[in-house]
There are 2 protein chains.
Amino acid sequence: MAREAKNPVKTTRRSLDIVETLREMDGARLTELADRLDLPNSTVHNHLSTLMEADYVLKDDDVYRVSLRFLDLGEYARNRRKIYELAKPEIEELAAETGEVANLLVEENDWGVYLWSSKGENAVPLDIHPGKHVHLHATSLGKCILAHLSDKRVEAVIERRGLPAQTDSTITDADALADELDAVREQGYAIDDEERLPGMRCIGTAVKSESGNVIGAISVSGPTSAMPMDRLTDTLAEKLLGAANVIELKVAYS
Amino acid sequence: MAREAKNPVKTTRRSLDIVETLREMDGARLTELADRLDLPNSTVHNHLSTLMEADYVLKDDDVYRVSLRFLDLGEYARNRRKIYELAKPEIEELAAETGEVANLLVEENDWGVYLWSSKGENAVPLDIHPGKHVHLHATSLGKCILAHLSDKRVEAVIERRGLPAQTDSTITDADALADELDAVREQGYAIDDEERLPGMRCIGTAVKSESGNVIGAISVSGPTSAMPMDRLTDTLAEKLLGAANVIELKVAYS
DNA sequence: TTCAGCATTTCGAAATCTCGAACGGCGACT
DNA sequence: AGTCGCCGTTCGAGATTTCGAAATGCTGAA
(Lines give C-alpha, C1' and ligand atoms only; values in the text may rest on other atoms or scores of the structure.)
Protein backbone atom coordinates (compact mmCIF):
# COMPACT_ATOMS: atom_id res chain seq x y z
CA MET A 1 0.00 0.00 0.00
CA ALA A 2 3.05 2.25 0.23
CA ARG A 3 2.21 3.80 -3.13
CA GLU A 4 5.57 4.45 -4.62
CA ALA A 5 5.90 5.89 -8.07
CA LYS A 6 7.45 3.30 -10.38
CA ASN A 7 8.69 5.73 -12.97
CA PRO A 8 9.02 8.84 -10.91
CA VAL A 9 9.37 12.20 -12.58
CA LYS A 10 12.38 13.35 -10.63
CA THR A 11 12.41 16.82 -12.08
CA THR A 12 8.99 17.53 -10.70
CA ARG A 13 10.00 16.24 -7.33
CA ARG A 14 12.98 18.55 -7.39
CA SER A 15 10.81 21.52 -8.21
CA LEU A 16 8.50 20.67 -5.36
CA ASP A 17 11.47 20.31 -3.04
CA ILE A 18 12.54 23.77 -4.02
CA VAL A 19 9.12 25.21 -3.25
CA GLU A 20 8.94 23.44 0.09
CA THR A 21 12.39 24.57 1.06
CA LEU A 22 11.48 28.09 0.09
CA ARG A 23 8.61 27.86 2.49
CA GLU A 24 10.73 26.42 5.28
CA MET A 25 13.24 29.21 4.82
CA ASP A 26 10.43 31.76 4.61
CA GLY A 27 11.84 33.09 1.36
CA ALA A 28 15.46 32.88 0.26
CA ARG A 29 18.00 34.18 -2.20
CA LEU A 30 19.28 31.99 -4.96
CA THR A 31 22.62 31.07 -3.41
CA GLU A 32 21.21 30.42 0.06
CA LEU A 33 18.67 28.09 -1.44
CA ALA A 34 21.16 26.30 -3.67
CA ASP A 35 23.51 25.83 -0.72
CA ARG A 36 20.77 24.44 1.47
CA LEU A 37 19.65 22.00 -1.22
CA ASP A 38 23.22 21.22 -2.19
CA LEU A 39 22.53 21.86 -5.86
CA PRO A 40 24.33 24.05 -8.37
CA ASN A 41 22.78 27.46 -8.49
CA SER A 42 22.13 27.18 -12.20
CA THR A 43 19.84 24.25 -11.61
CA VAL A 44 17.96 26.03 -8.86
CA HIS A 45 17.79 29.10 -11.02
CA ASN A 46 16.23 27.22 -13.91
CA HIS A 47 13.60 25.70 -11.68
CA LEU A 48 12.81 29.01 -10.06
CA SER A 49 12.44 30.80 -13.40
CA THR A 50 10.05 28.13 -14.56
CA LEU A 51 8.06 28.32 -11.35
CA MET A 52 8.01 32.09 -11.61
CA GLU A 53 6.78 32.04 -15.16
CA ALA A 54 3.98 29.74 -14.08
CA ASP A 55 3.31 32.07 -11.16
CA TYR A 56 3.95 29.63 -8.34
CA VAL A 57 6.94 31.54 -7.09
CA LEU A 58 7.66 35.24 -7.03
CA LYS A 59 10.69 37.39 -6.53
CA ASP A 60 10.79 40.31 -4.10
CA ASP A 61 13.98 42.10 -4.92
CA ASP A 62 16.35 39.15 -4.89
CA VAL A 63 14.35 37.01 -2.52
CA TYR A 64 12.30 34.19 -3.96
CA ARG A 65 9.03 33.33 -2.24
CA VAL A 66 6.08 30.98 -2.47
CA SER A 67 3.23 32.75 -4.24
CA LEU A 68 -0.50 33.02 -3.71
CA ARG A 69 -1.14 30.74 -6.69
CA PHE A 70 -1.15 27.95 -4.14
CA LEU A 71 -4.01 29.62 -2.33
CA ASP A 72 -6.12 29.39 -5.45
CA LEU A 73 -5.69 25.64 -5.71
CA GLY A 74 -5.80 25.20 -1.95
CA GLU A 75 -9.11 26.99 -1.52
CA TYR A 76 -10.49 24.98 -4.37
CA ALA A 77 -9.46 21.75 -2.65
CA ARG A 78 -10.94 22.95 0.64
CA ASN A 79 -14.27 23.93 -0.86
CA ARG A 80 -14.65 20.57 -2.51
CA ARG A 81 -15.27 19.26 1.00
CA LYS A 82 -18.92 19.80 1.71
CA ILE A 83 -18.26 19.70 5.43
CA TYR A 84 -16.11 22.82 5.30
CA GLU A 85 -18.75 25.50 4.77
CA LEU A 86 -21.33 23.62 6.79
CA ALA A 87 -19.17 23.07 9.84
CA LYS A 88 -17.58 26.51 9.95
CA PRO A 89 -20.42 28.22 11.88
CA GLU A 90 -20.49 25.42 14.45
CA ILE A 91 -16.74 25.66 14.95
CA GLU A 92 -17.06 29.39 15.46
CA GLU A 93 -19.79 28.82 18.02
CA LEU A 94 -17.77 26.20 19.85
CA ALA A 95 -14.83 28.57 20.06
CA ALA A 96 -17.03 31.40 21.29
CA GLU A 97 -18.85 29.29 23.88
CA THR A 98 -15.80 27.55 25.29
CA GLY A 99 -13.34 30.40 24.90
CA GLU A 100 -10.77 27.89 23.64
CA VAL A 101 -9.59 26.90 20.17
CA ALA A 102 -12.04 24.85 18.07
CA ASN A 103 -10.97 22.89 15.00
CA LEU A 104 -12.16 20.99 11.97
CA LEU A 105 -10.00 18.23 10.51
CA VAL A 106 -10.42 15.82 7.62
CA GLU A 107 -8.43 12.86 6.39
CA GLU A 108 -6.55 12.97 3.11
CA ASN A 109 -3.83 10.70 1.79
CA ASP A 110 -3.57 9.14 5.26
CA TRP A 111 -2.83 12.50 6.85
CA GLY A 112 -5.02 14.59 9.07
CA VAL A 113 -5.51 18.03 7.54
CA TYR A 114 -6.97 21.00 9.41
CA LEU A 115 -9.59 22.80 7.34
CA TRP A 116 -10.56 25.43 9.86
CA SER A 117 -9.62 26.63 13.29
CA SER A 118 -11.18 29.34 15.39
CA LYS A 119 -9.86 31.05 18.49
CA GLY A 120 -12.10 31.82 21.47
CA GLU A 121 -11.47 34.54 24.02
CA ASN A 122 -9.09 32.58 26.23
CA ALA A 123 -7.37 30.76 23.44
CA VAL A 124 -3.64 30.33 23.69
CA PRO A 125 -1.51 30.59 20.57
CA LEU A 126 -1.20 27.21 18.87
CA ASP A 127 0.59 25.90 15.81
CA ILE A 128 -2.69 24.98 14.15
CA HIS A 129 -3.62 26.64 10.88
CA PRO A 130 -5.76 25.58 7.94
CA GLY A 131 -3.85 23.25 5.64
CA LYS A 132 -1.64 21.93 8.41
CA HIS A 133 -0.95 18.21 8.08
CA VAL A 134 -0.67 16.05 11.19
CA HIS A 135 -0.35 12.37 11.94
CA LEU A 136 -3.74 10.83 12.62
CA HIS A 137 -2.68 8.81 15.66
CA ALA A 138 -1.46 11.78 17.67
CA THR A 139 -4.55 13.98 17.91
CA SER A 140 -8.03 13.53 19.28
CA LEU A 141 -9.34 14.47 15.84
CA GLY A 142 -7.23 11.90 14.07
CA LYS A 143 -8.14 9.17 16.51
CA CYS A 144 -11.82 9.88 15.94
CA ILE A 145 -11.32 9.45 12.23
CA LEU A 146 -9.27 6.28 12.60
CA ALA A 147 -11.91 4.87 14.92
CA HIS A 148 -14.42 4.98 12.10
CA LEU A 149 -12.26 3.57 9.33
CA SER A 150 -11.94 -0.13 8.55
CA ASP A 151 -9.13 -2.11 10.15
CA LYS A 152 -7.53 -2.39 6.72
CA ARG A 153 -7.48 1.34 6.24
CA VAL A 154 -6.04 1.85 9.73
CA GLU A 155 -3.29 -0.63 8.94
CA ALA A 156 -2.58 1.20 5.69
CA VAL A 157 -2.29 4.49 7.54
CA ILE A 158 0.15 2.97 10.04
CA GLU A 159 2.12 1.43 7.20
CA ARG A 160 2.35 4.64 5.21
CA ARG A 161 2.76 7.27 7.88
CA GLY A 162 4.04 5.32 10.86
CA LEU A 163 3.30 6.05 14.51
CA PRO A 164 6.07 8.51 15.37
CA ALA A 165 6.16 9.93 18.87
CA GLN A 166 5.31 13.62 19.03
CA THR A 167 5.59 13.80 22.83
CA ASP A 168 6.20 11.32 25.65
CA SER A 169 2.50 10.48 25.68
CA THR A 170 1.98 9.73 22.00
CA ILE A 171 0.60 6.27 21.29
CA THR A 172 3.36 4.60 19.28
CA ASP A 173 2.22 1.01 19.42
CA ALA A 174 -0.31 -0.43 16.96
CA ASP A 175 -2.02 -2.64 19.54
CA ALA A 176 -2.32 0.18 22.04
CA LEU A 177 -3.80 2.29 19.27
CA ALA A 178 -6.35 -0.40 18.44
CA ASP A 179 -7.43 -0.48 22.10
CA GLU A 180 -7.69 3.28 22.16
CA LEU A 181 -9.83 3.25 19.03
CA ASP A 182 -12.16 0.73 20.66
CA ALA A 183 -12.53 3.10 23.59
CA VAL A 184 -13.19 6.02 21.26
CA ARG A 185 -15.93 4.10 19.49
CA GLU A 186 -17.54 3.28 22.81
CA GLN A 187 -17.28 6.76 24.32
CA GLY A 188 -18.20 8.64 21.17
CA TYR A 189 -15.29 11.01 21.62
CA ALA A 190 -11.50 10.97 21.81
CA ILE A 191 -9.14 12.75 24.15
CA ASP A 192 -5.62 13.85 23.35
CA ASP A 193 -3.75 14.31 26.62
CA GLU A 194 -0.53 15.98 25.56
CA GLU A 195 -0.05 13.41 22.82
CA ARG A 196 0.80 15.87 20.09
CA LEU A 197 1.98 18.92 21.99
CA PRO A 198 3.21 19.06 25.58
CA GLY A 199 0.87 21.09 27.74
CA MET A 200 -2.07 20.78 25.40
CA ARG A 201 -5.23 18.78 25.86
CA CYS A 202 -7.89 18.26 23.31
CA ILE A 203 -11.27 16.54 22.97
CA GLY A 204 -12.69 15.58 19.61
CA THR A 205 -15.53 13.72 17.98
CA ALA A 206 -16.23 12.33 14.55
CA VAL A 207 -18.66 13.77 12.01
CA LYS A 208 -20.33 11.17 9.82
CA SER A 209 -22.23 11.34 6.57
CA GLU A 210 -25.70 9.94 6.00
CA SER A 211 -24.19 6.68 4.85
CA GLY A 212 -22.17 6.35 8.04
CA ASN A 213 -18.71 7.23 6.72
CA VAL A 214 -16.52 9.65 8.65
CA ILE A 215 -16.19 12.88 6.73
CA GLY A 216 -14.20 14.73 9.36
CA ALA A 217 -13.82 15.47 13.04
CA ILE A 218 -14.21 18.50 15.27
CA SER A 219 -12.44 19.36 18.50
CA VAL A 220 -11.75 21.84 21.24
CA SER A 221 -8.13 22.31 22.39
CA GLY A 222 -6.54 24.23 25.19
CA PRO A 223 -3.74 24.27 27.74
CA THR A 224 -3.79 21.38 30.20
CA SER A 225 -4.30 23.81 33.07
CA ALA A 226 -7.54 25.11 31.57
CA MET A 227 -8.76 21.68 30.55
CA PRO A 228 -9.18 19.49 33.64
CA MET A 229 -10.47 16.03 32.82
CA ASP A 230 -13.92 16.63 34.30
CA ARG A 231 -14.41 19.70 32.14
CA LEU A 232 -13.49 17.64 29.08
CA THR A 233 -15.73 14.68 29.77
CA ASP A 234 -18.50 16.87 31.08
CA THR A 235 -19.38 20.17 29.49
CA LEU A 236 -17.03 19.99 26.51
CA ALA A 237 -17.98 16.48 25.41
CA GLU A 238 -21.63 17.45 25.49
CA LYS A 239 -21.18 20.65 23.50
CA LEU A 240 -18.98 18.85 21.03
CA LEU A 241 -21.41 16.00 20.42
CA GLY A 242 -24.20 18.49 19.98
CA ALA A 243 -22.25 20.44 17.40
CA ALA A 244 -21.29 17.27 15.53
CA ASN A 245 -24.92 16.32 15.43
CA VAL A 246 -25.96 19.65 13.98
CA ILE A 247 -23.27 19.39 11.32
CA GLU A 248 -24.35 15.88 10.42
CA LEU A 249 -27.90 17.07 9.93
CA LYS A 250 -26.77 19.95 7.75
CA VAL A 251 -24.64 17.61 5.66
CA ALA A 252 -27.51 15.17 5.25
CA TYR A 253 -30.10 17.76 4.30
CA SER A 254 -28.43 20.19 1.95
CA MET B 1 10.11 42.78 -18.15
CA ALA B 2 8.26 39.88 -19.69
CA ARG B 3 10.27 37.52 -17.51
CA GLU B 4 10.59 34.44 -19.62
CA ALA B 5 12.57 31.52 -18.38
CA LYS B 6 15.65 31.08 -20.53
CA ASN B 7 16.26 27.47 -19.69
CA PRO B 8 12.81 26.40 -18.72
CA VAL B 9 12.30 23.16 -16.88
CA LYS B 10 9.66 21.78 -19.18
CA THR B 11 8.92 18.74 -17.10
CA THR B 12 7.87 20.89 -14.19
CA ARG B 13 5.66 22.96 -16.42
CA ARG B 14 4.02 19.79 -17.62
CA SER B 15 3.35 18.66 -14.08
CA LEU B 16 1.81 22.00 -13.26
CA ASP B 17 -0.32 21.81 -16.39
CA ILE B 18 -1.58 18.48 -15.22
CA VAL B 19 -2.52 19.85 -11.82
CA GLU B 20 -4.26 22.85 -13.33
CA THR B 21 -6.17 20.73 -15.78
CA LEU B 22 -7.20 18.45 -12.95
CA ARG B 23 -8.64 21.45 -11.23
CA GLU B 24 -10.42 22.70 -14.35
CA MET B 25 -11.95 19.29 -14.84
CA ASP B 26 -12.80 19.09 -11.14
CA GLY B 27 -11.06 15.74 -10.88
CA ALA B 28 -10.55 13.28 -13.72
CA ARG B 29 -9.62 9.74 -14.58
CA LEU B 30 -6.32 8.97 -16.19
CA THR B 31 -7.57 8.53 -19.73
CA GLU B 32 -9.84 11.56 -19.67
CA LEU B 33 -6.96 13.67 -18.52
CA ALA B 34 -4.49 12.24 -21.02
CA ASP B 35 -6.99 12.81 -23.84
CA ARG B 36 -7.63 16.37 -22.80
CA LEU B 37 -3.90 17.13 -22.62
CA ASP B 38 -3.19 15.13 -25.74
CA LEU B 39 -0.44 13.16 -24.04
CA PRO B 40 0.15 9.42 -23.79
CA ASN B 41 -1.45 8.05 -20.69
CA SER B 42 1.83 6.59 -19.53
CA THR B 43 3.33 10.07 -19.31
CA VAL B 44 0.38 11.43 -17.43
CA HIS B 45 0.48 8.42 -15.20
CA ASN B 46 4.13 8.99 -14.32
CA HIS B 47 3.47 12.59 -13.41
CA LEU B 48 0.43 11.74 -11.38
CA SER B 49 2.23 9.03 -9.41
CA THR B 50 4.98 11.46 -8.60
CA LEU B 51 2.55 14.14 -7.54
CA MET B 52 0.67 11.62 -5.46
CA GLU B 53 3.79 10.45 -3.72
CA ALA B 54 4.58 14.04 -2.87
CA ASP B 55 0.97 14.48 -1.70
CA TYR B 56 -0.07 17.20 -4.13
CA VAL B 57 -2.57 14.95 -5.84
CA LEU B 58 -4.78 12.22 -4.49
CA LYS B 59 -6.80 9.41 -5.95
CA ASP B 60 -10.44 8.77 -5.02
CA ASP B 61 -11.23 5.42 -6.49
CA ASP B 62 -9.97 6.04 -10.01
CA VAL B 63 -10.42 9.77 -10.01
CA TYR B 64 -7.37 11.96 -9.52
CA ARG B 65 -7.84 15.22 -7.66
CA VAL B 66 -5.93 18.25 -6.43
CA SER B 67 -5.06 17.74 -2.78
CA LEU B 68 -5.11 19.89 0.32
CA ARG B 69 -1.32 20.15 0.29
CA PHE B 70 -1.86 23.29 -1.74
CA LEU B 71 -3.88 24.77 1.10
CA ASP B 72 -0.90 24.44 3.38
CA LEU B 73 1.34 26.47 1.09
CA GLY B 74 -1.49 28.81 0.13
CA GLU B 75 -2.37 29.71 3.70
CA TYR B 76 1.27 30.26 4.39
CA ALA B 77 1.50 32.68 1.47
CA ARG B 78 -1.65 34.46 2.60
CA ASN B 79 -0.51 34.88 6.18
CA ARG B 80 2.75 36.39 5.09
CA ARG B 81 0.68 39.42 4.14
CA LYS B 82 0.31 41.48 7.26
CA ILE B 83 -2.79 43.12 5.85
CA TYR B 84 -4.71 39.86 5.75
CA GLU B 85 -5.41 39.31 9.45
CA LEU B 86 -5.68 43.01 10.14
CA ALA B 87 -8.17 43.78 7.40
CA LYS B 88 -10.40 40.75 7.89
CA PRO B 89 -12.54 42.22 10.69
CA GLU B 90 -13.08 45.42 8.72
CA ILE B 91 -14.13 43.46 5.67
CA GLU B 92 -16.57 41.48 7.77
CA GLU B 93 -18.00 44.70 9.14
CA LEU B 94 -18.32 46.25 5.70
CA ALA B 95 -20.21 43.21 4.48
CA ALA B 96 -22.49 43.23 7.50
CA GLU B 97 -23.20 46.96 7.33
CA THR B 98 -23.80 47.14 3.59
CA GLY B 99 -25.42 43.74 3.13
CA GLU B 100 -23.33 43.26 -0.01
CA VAL B 101 -20.08 41.44 -0.74
CA ALA B 102 -16.90 43.02 0.67
CA ASN B 103 -13.44 42.08 -0.55
CA LEU B 104 -9.72 42.36 0.09
CA LEU B 105 -7.27 42.18 -2.81
CA VAL B 106 -3.50 42.43 -3.10
CA GLU B 107 -1.11 42.60 -6.03
CA GLU B 108 1.25 39.75 -6.79
CA ASN B 109 3.23 38.99 -9.92
CA ASP B 110 1.22 41.69 -11.71
CA TRP B 111 -2.06 39.96 -10.92
CA GLY B 112 -4.76 41.00 -8.51
CA VAL B 113 -5.34 38.25 -5.96
CA TYR B 114 -8.31 38.15 -3.60
CA LEU B 115 -7.27 37.33 -0.05
CA TRP B 116 -10.67 37.50 1.57
CA SER B 117 -14.27 38.01 0.67
CA SER B 118 -17.29 38.23 2.92
CA LYS B 119 -20.96 38.02 2.03
CA GLY B 120 -23.54 40.32 3.61
CA GLU B 121 -27.22 39.57 3.97
CA ASN B 122 -28.30 40.67 0.51
CA ALA B 123 -25.22 39.42 -1.24
CA VAL B 124 -25.69 37.76 -4.60
CA PRO B 125 -23.54 34.77 -5.53
CA LEU B 126 -20.32 35.91 -7.18
CA ASP B 127 -17.32 34.18 -8.66
CA ILE B 128 -15.01 35.70 -6.08
CA HIS B 129 -13.12 33.43 -3.71
CA PRO B 130 -9.82 33.75 -1.86
CA GLY B 131 -6.90 32.99 -4.15
CA LYS B 132 -8.75 34.06 -7.28
CA HIS B 133 -6.51 35.89 -9.73
CA VAL B 134 -7.89 38.79 -11.79
CA HIS B 135 -6.50 41.38 -14.16
CA LEU B 136 -5.74 44.58 -12.31
CA HIS B 137 -7.26 46.91 -14.91
CA ALA B 138 -10.72 45.39 -14.81
CA THR B 139 -11.72 45.80 -11.18
CA SER B 140 -12.12 48.73 -8.84
CA LEU B 141 -9.64 47.06 -6.53
CA GLY B 142 -7.05 46.59 -9.21
CA LYS B 143 -7.43 50.17 -10.43
CA CYS B 144 -6.84 51.43 -6.89
CA ILE B 145 -3.63 49.48 -6.73
CA LEU B 146 -2.44 50.58 -10.15
CA ALA B 147 -3.21 54.18 -9.24
CA HIS B 148 -0.60 54.01 -6.49
CA LEU B 149 2.14 52.25 -8.40
CA SER B 150 4.80 54.04 -10.43
CA ASP B 151 4.19 54.60 -14.14
CA LYS B 152 6.95 52.12 -14.85
CA ARG B 153 5.28 49.42 -12.83
CA VAL B 154 1.94 50.12 -14.51
CA GLU B 155 3.59 49.79 -17.91
CA ALA B 156 5.15 46.53 -16.82
CA VAL B 157 1.76 45.20 -15.74
CA ILE B 158 0.22 46.14 -19.07
CA GLU B 159 3.15 44.58 -20.90
CA ARG B 160 2.97 41.31 -18.97
CA ARG B 161 -0.76 40.81 -18.51
CA GLY B 162 -2.28 42.94 -21.24
CA LEU B 163 -5.58 44.76 -21.04
CA PRO B 164 -8.03 42.10 -22.22
CA ALA B 165 -11.72 42.99 -22.32
CA GLN B 166 -13.77 41.16 -19.70
CA THR B 167 -17.03 42.89 -20.68
CA ASP B 168 -18.06 45.62 -23.12
CA SER B 169 -17.11 48.23 -20.54
CA THR B 170 -13.60 47.07 -19.67
CA ILE B 171 -10.91 49.69 -20.20
CA THR B 172 -8.70 48.18 -22.90
CA ASP B 173 -6.66 51.22 -23.87
CA ALA B 174 -3.51 52.23 -22.00
CA ASP B 175 -4.19 55.97 -22.33
CA ALA B 176 -7.76 55.63 -21.15
CA LEU B 177 -6.45 53.63 -18.23
CA ALA B 178 -3.94 56.36 -17.35
CA ASP B 179 -6.76 58.93 -17.31
CA GLU B 180 -8.86 56.65 -15.14
CA LEU B 181 -5.98 56.22 -12.72
CA ASP B 182 -5.61 60.00 -12.46
CA ALA B 183 -9.28 60.21 -11.57
CA VAL B 184 -8.89 57.46 -8.99
CA ARG B 185 -6.00 59.29 -7.33
CA GLU B 186 -8.07 62.46 -7.17
CA GLN B 187 -11.28 60.87 -5.90
CA GLY B 188 -9.63 58.52 -3.47
CA TYR B 189 -11.70 55.60 -4.69
CA ALA B 190 -12.32 53.63 -7.89
CA ILE B 191 -15.55 52.40 -9.41
CA ASP B 192 -15.98 49.32 -11.55
CA ASP B 193 -19.17 49.71 -13.58
CA GLU B 194 -19.66 46.29 -15.13
CA GLU B 195 -16.04 46.26 -16.26
CA ARG B 196 -15.28 42.76 -15.06
CA LEU B 197 -18.69 41.14 -14.84
CA PRO B 198 -21.88 42.26 -16.58
CA GLY B 199 -24.47 43.37 -14.06
CA MET B 200 -21.97 43.96 -11.29
CA ARG B 201 -20.83 47.24 -9.84
CA CYS B 202 -18.07 47.72 -7.37
CA ILE B 203 -16.39 50.50 -5.42
CA GLY B 204 -12.91 50.16 -4.00
CA THR B 205 -10.16 52.08 -2.29
CA ALA B 206 -6.48 51.55 -1.67
CA VAL B 207 -4.87 50.63 1.63
CA LYS B 208 -1.40 52.07 2.12
CA SER B 209 1.43 51.31 4.48
CA GLU B 210 3.14 53.83 6.73
CA SER B 211 5.70 54.48 4.01
CA GLY B 212 2.99 55.27 1.49
CA ASN B 213 3.12 52.10 -0.60
CA VAL B 214 -0.09 50.34 -1.54
CA ILE B 215 -0.36 47.07 0.29
CA GLY B 216 -3.83 46.15 -0.94
CA ALA B 217 -7.31 47.40 -1.68
CA ILE B 218 -10.77 46.84 -0.26
CA SER B 219 -14.12 47.00 -1.97
CA VAL B 220 -17.86 46.45 -1.86
CA SER B 221 -19.55 44.76 -4.83
CA GLY B 222 -23.13 44.10 -5.76
CA PRO B 223 -25.62 43.86 -8.60
CA THR B 224 -26.03 47.06 -10.62
CA SER B 225 -29.66 47.28 -9.56
CA ALA B 226 -28.72 47.44 -5.89
CA MET B 227 -25.80 49.79 -6.48
CA PRO B 228 -27.09 53.07 -7.94
CA MET B 229 -24.32 55.57 -8.51
CA ASP B 230 -25.40 57.87 -5.71
CA ARG B 231 -25.27 55.04 -3.22
CA LEU B 232 -21.75 54.25 -4.38
CA THR B 233 -20.36 57.78 -4.21
CA ASP B 234 -22.28 58.57 -1.09
CA THR B 235 -22.69 56.09 1.70
CA LEU B 236 -20.47 53.35 0.34
CA ALA B 237 -17.48 55.56 -0.47
CA GLU B 238 -17.59 56.99 3.02
CA LYS B 239 -17.79 53.63 4.77
CA LEU B 240 -15.04 52.26 2.57
CA LEU B 241 -12.64 55.14 3.20
CA GLY B 242 -13.29 54.85 6.91
CA ALA B 243 -12.52 51.14 6.89
CA ALA B 244 -9.36 51.69 4.85
CA ASN B 245 -8.24 54.27 7.36
CA VAL B 246 -8.77 51.91 10.29
CA ILE B 247 -6.79 49.20 8.52
CA GLU B 248 -3.97 51.60 7.76
CA LEU B 249 -3.75 52.54 11.41
CA LYS B 250 -3.72 48.90 12.47
CA VAL B 251 -0.99 48.12 9.96
CA ALA B 252 1.09 51.08 11.12
CA TYR B 253 0.76 50.36 14.83
CA SER B 254 1.12 46.61 15.22
C1' DT C 1 38.21 52.39 -10.71
C1' DT C 2 38.64 48.04 -8.77
C1' DC C 3 36.84 44.40 -6.37
C1' DA C 4 33.70 41.15 -4.34
C1' DG C 5 29.57 38.81 -4.18
C1' DC C 6 25.82 37.18 -6.34
C1' DA C 7 22.56 36.25 -10.16
C1' DT C 8 22.34 34.74 -14.70
C1' DT C 9 23.67 32.49 -19.02
C1' DT C 10 26.22 29.15 -21.83
C1' DC C 11 26.99 24.59 -23.65
C1' DG C 12 28.35 19.75 -23.98
C1' DA C 13 27.94 15.39 -21.49
C1' DA C 14 24.97 12.53 -19.17
C1' DA C 15 20.97 11.39 -17.04
C1' DT C 16 16.08 11.62 -17.53
C1' DC C 17 11.73 11.73 -19.48
C1' DT C 18 8.74 10.38 -23.22
C1' DC C 19 6.00 7.34 -25.73
C1' DG C 20 4.35 3.13 -28.06
C1' DA C 21 3.40 -1.29 -26.93
C1' DA C 22 2.35 -4.97 -24.09
C1' DC C 23 0.38 -6.54 -19.74
C1' DG C 24 -3.17 -7.40 -16.42
C1' DG C 25 -7.37 -6.52 -13.85
C1' DC C 26 -12.20 -5.68 -13.88
C1' DG C 27 -16.81 -5.55 -15.34
C1' DA C 28 -20.27 -6.06 -19.03
C1' DC C 29 -22.38 -8.60 -22.24
C1' DT C 30 -23.33 -13.00 -24.70
C1' DA D 1 -18.49 -19.40 -17.92
C1' DG D 2 -16.29 -17.23 -21.40
C1' DT D 3 -15.14 -13.41 -24.19
C1' DC D 4 -14.56 -8.82 -25.14
C1' DG D 5 -13.38 -4.21 -24.31
C1' DC D 6 -11.87 -0.62 -21.40
C1' DC D 7 -8.65 1.30 -18.52
C1' DG D 8 -4.77 1.70 -15.53
C1' DT D 9 -0.15 0.25 -15.08
C1' DT D 10 4.51 -1.37 -16.41
C1' DC D 11 8.51 -1.67 -19.53
C1' DG D 12 12.44 -0.35 -22.37
C1' DA D 13 14.66 1.91 -26.16
C1' DG D 14 15.32 6.25 -28.06
C1' DA D 15 15.17 11.24 -27.92
C1' DT D 16 15.17 15.26 -25.28
C1' DT D 17 16.05 17.51 -21.50
C1' DT D 18 18.30 18.61 -17.50
C1' DC D 19 22.49 19.19 -15.05
C1' DG D 20 26.54 21.44 -13.58
C1' DA D 21 31.21 23.72 -14.21
C1' DA D 22 32.70 27.68 -15.69
C1' DA D 23 32.19 32.10 -17.91
C1' DT D 24 29.66 36.36 -17.99
C1' DG D 25 27.23 40.19 -16.25
C1' DC D 26 25.41 43.09 -12.78
C1' DT D 27 25.40 45.93 -8.50
C1' DG D 28 27.14 48.11 -4.76
C1' DA D 29 31.10 48.95 -1.70
C1' DA D 30 35.81 50.34 -0.91
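Just so it is clear, the model here is predicted, and its values are computed rather than measured.
- Taking a cutoff of 4.0 Å between a charged side-chain nitrogen and a carboxylate oxygen, A:Arg69 and A:Asp72 qualify as a salt bridge.
- Under a 4.0 Å N-O distance rule, the pair B:Arg161/A:Asp55 qualifies as a salt bridge.
- The CG atom of B:Asp35 sits 11 Å away from the C1' atom of D:dC7 (whole-angstrom rounding).
- In this structure, B:Leu48 atom CG and D:dC7 atom P are separated by 16 Å, rounded to whole Å.
- Here A:Arg29 pairs with A:Asp62 under the salt bridge (Lys or Arg N to Asp or Glu O under 4.0 Å) rule; sequence neighbours left out.
- With rounding to whole Å, A:Arg13 atom CZ is found 17 Å from D:dT18 atom P.
- Between A:Arg14 and D:dC19 there is a side-chain N or O to OP1 or OP2 distance below 4.0 Å.
- With rounding to whole Å, B:Leu39 atom CG is found 10 Å from C:dC19 atom C1'.
- Atom CG in A:Leu37 sits about 12 Å away from atom P in D:dC19, given to the nearest Å.
- Contact annotation: B:Arg29 does not reach the phosphate of D:dC7 (side-chain N/O to OP1 or OP2, under 4.0 Å).
- Between B:Ser219 and B:Asn103, the side chains place a donor N or O and an acceptor N or O closer than 3.5 Å (distance only, hydrogens not considered).
- Projected onto DNA chain C by closest heavy-atom contact, A:Thr11 and A:Asp62 fall at different nucleotides, the more 5' of which corresponds to A:Asp62.
- Salt-bridge formation is not detected for the pair A:Arg153/A:Glu159: no Lys NZ or Arg NE/NH1/NH2 atom is positioned less than 4.0 Å from an Asp or Glu carboxylate oxygen.
- No donor-acceptor pair closer than 3.5 Å links the side chain of A:Thr43 to the backbone N or O of A:Leu39.
- Note: CG (B:Asn46) to P (C:dC19) measures 10 Å, nearest angstrom.
- Closest-nucleotide positions on DNA chain C for A:His45 and B:Lys10 were compared, and the one nearer the 5' end corresponds to A:His45.
- At a threshold of 4.0 Å, the pair A:Lys143-A:Asp192 does not count as salt-bridged, since none of the basic side-chain nitrogens sits closer than that to a carboxylate oxygen.
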Would you tabulate the nitrogen or oxygen pairs shorter than 3.5 Å linking the protein to nucleotides 21-24 of chain D?
residue : atom : partner : partner atom : Å
D:dA21  : N6   : A:Ser42 : OG           : 3.0

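- For A:Leu30, counting side-chain heavy atoms from C-beta on, the closest listed nucleotide (D:dT10, D:dT17, C:dT8) is C:dT8.
- Taking only side-chain nitrogens and oxygens, A:Tyr64 comes nearer than 4.0 Å to OP1 or OP2 of C:dT8.
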